[in-house]
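Quick notes on the structure that follows.
Note that the structure is a prediction, hence the values are computed from the model and not measured. Residue numbers begin at 1 in each chain, while the letters A, B, ... track the order of the sequences.
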Protein chains: 2
Amino acid sequence: MGEESGRSTERPMRADAQRNRAKVLEAAIELFAARGLAVSVHEIADHAGVGTGTVSRHFPTKEALFDAIVRARVEQLVRQARRLAAEREPGDAFFEFLALMVEEGGTDRGLADALAGAGFDVERAATDPDHDLDAAIREILSRAQASGAVRGDVDATDVRSVIEGCIARERHGQDAAARRRMVTIASQGLRS
Amino acid sequence: MGEESGRSTERPMRADAQRNRAKVLEAAIELFAARGLAVSVHEIADHAGVGTGTVSRHFPTKEALFDAIVRARVEQLVRQARRLAAEREPGDAFFEFLALMVEEGGTDRGLADALAGAGFDVERAATDPDHDLDAAIREILSRAQASGAVRGDVDATDVRSVIEGCIARERHGQDAAARRRMVTIASQGLRS
DNA sequence: CACCAACCGGAATGTGAGTTCCGTTTCACG
DNA sequence: CGTGAAACGGAACTCACATTCCGGTTGGTG
């Protein structure tokens, strides 16, 4: 349950501890984004300029560290989904969100790993509505379907799969043009 | 360069060696199909009823074993692609092949891992035309495009990504109905 | 400014995998 | 059969990690 840096109950962290925590987070965000779950804790520690013990103290587990980062990212995506749902036509909202997810996932390997189900427990994250990406997708999808913009026979997990396919990391160095083509294909496929 | 069981030059293998090689292959095929690259060499050895040394002797590396199995599977897929290309209308051939690939990949986790680029070197396999899945896809795709059945702005790697998306293994226990829905979406997306 | 609890670094430990090694067993040829 | 080369099993080894531990250091409070 790794929480914020400035905890209120339980007397505040020492200044150097807060600094180190922030350095670890920053390094981990950068490295996870670049290479996904494959980065080692040693690399993160080195990159942050701290010892491995310091990483483990702030985040008891590699998974906890990864989790903290992914949760923040997911929270952001959920917010954007809600904003789009509020500000756009149902169909546009859905397709813009789709493009957004693909862009984010295609740029951030760690997020892509998480979306693919590696090392991030979606079920548990869904406890809190602000981290329930599937609920956000369901919401934006069902509106788009009700408006007739999206075929009725797909569900949220299909959308997740479509996103995953568009990301298609791993091979032939994820290029932005290919990603956009995939979004086009997926959008045409999902339309009524 | 793991080759066939009945080698002609270099005097034949001893009978027990051939038997064990076959047992290892059989066990590995079954386990890789069920759980992908995640199975350990120990498990394969146990399941085959041999020691780990025997596995390593026949296939110097886990990757070599995996490779041998995937190559056979890919060879089969390439053959089917050619057959479809010969016997069907260009458009039908392409969409049937798409459905076939998704079905095979969705059923065989090892193949899915390989298609996703894990532990199988597509580049090297492409040396031999009978194992060059990308060439087969290019062929069947370009015919479908020429006939007007498939949009012209996609390439073979896009098709690979689409297939990957349809497979979308890892989470919510790969169910056949979802896979078919994905194929429908993908097909509509790829159509002109 | 002194003290001590909190914190630090990084070596040591634990774990889980693939691969190697070697004493033992088995095959097949004479 | 008898014998030697081939193959076997599986314990030991290696390697790459994540995680723990502990002697040394530092920050903040009285």
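Judged by distance alone, the side chain of Thr54(A) and the main-chain N or O of Val50(A) form no donor-acceptor pair under 3.5 Å. Between the side chain of Thr52(B) and the backbone N or O of His42(B), no donor-acceptor pair lies under 3.5 Å. Side chain of Gln188(B) to backbone of Gln188(A): a donor-acceptor contact under 3.5 angstrom is found. For the pair Asp130(B) (side chain) and Glu75(B) (backbone), a donor-acceptor distance under 3.5 Å is absent. Side-chain atoms of Gln145(B) come within 3.5 Å of backbone N or O of Arg151(B) as a donor-acceptor pair. The backbone N or O of Ser40(B) lies less than 3.5 Å from a partner atom in the side chain of Glu43(B), making a donor-acceptor pair.
First and last contacts of DNA chain C with chain B, using any nucleotide atom under 4.0 Å from a protein heavy atom and ordered 5' to 3', fall at dG18(C) to dA28(C).
Contact annotation: Asn20(B) reaches the phosphate of dC8(D) (side-chain N/O to OP1 or OP2, under 4.0 Å).
Using a 4.0 Å cut-off between charged side-chain N and carboxylate O, Arg181(A) and Asp155(B) make a salt bridge.
For the pair Arg73(B) and Phe32(B), the cation-pi criterion (under 6.0 Å, within 45° of the ring axis) is not fulfilled.
Between the NZ atom of Lys23(B) and the P atom of dA7(D) there is a distance of 15 Å, given to the nearest Å.
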When every nucleotide of nucleotides 17-28 of chain D is labelled 5' to 3' by its protein contacts under 4.0 Å (heavy atoms), B for base, S for sugar-phosphate only, - for none, what sequence of letters results? -BBB-----BSS
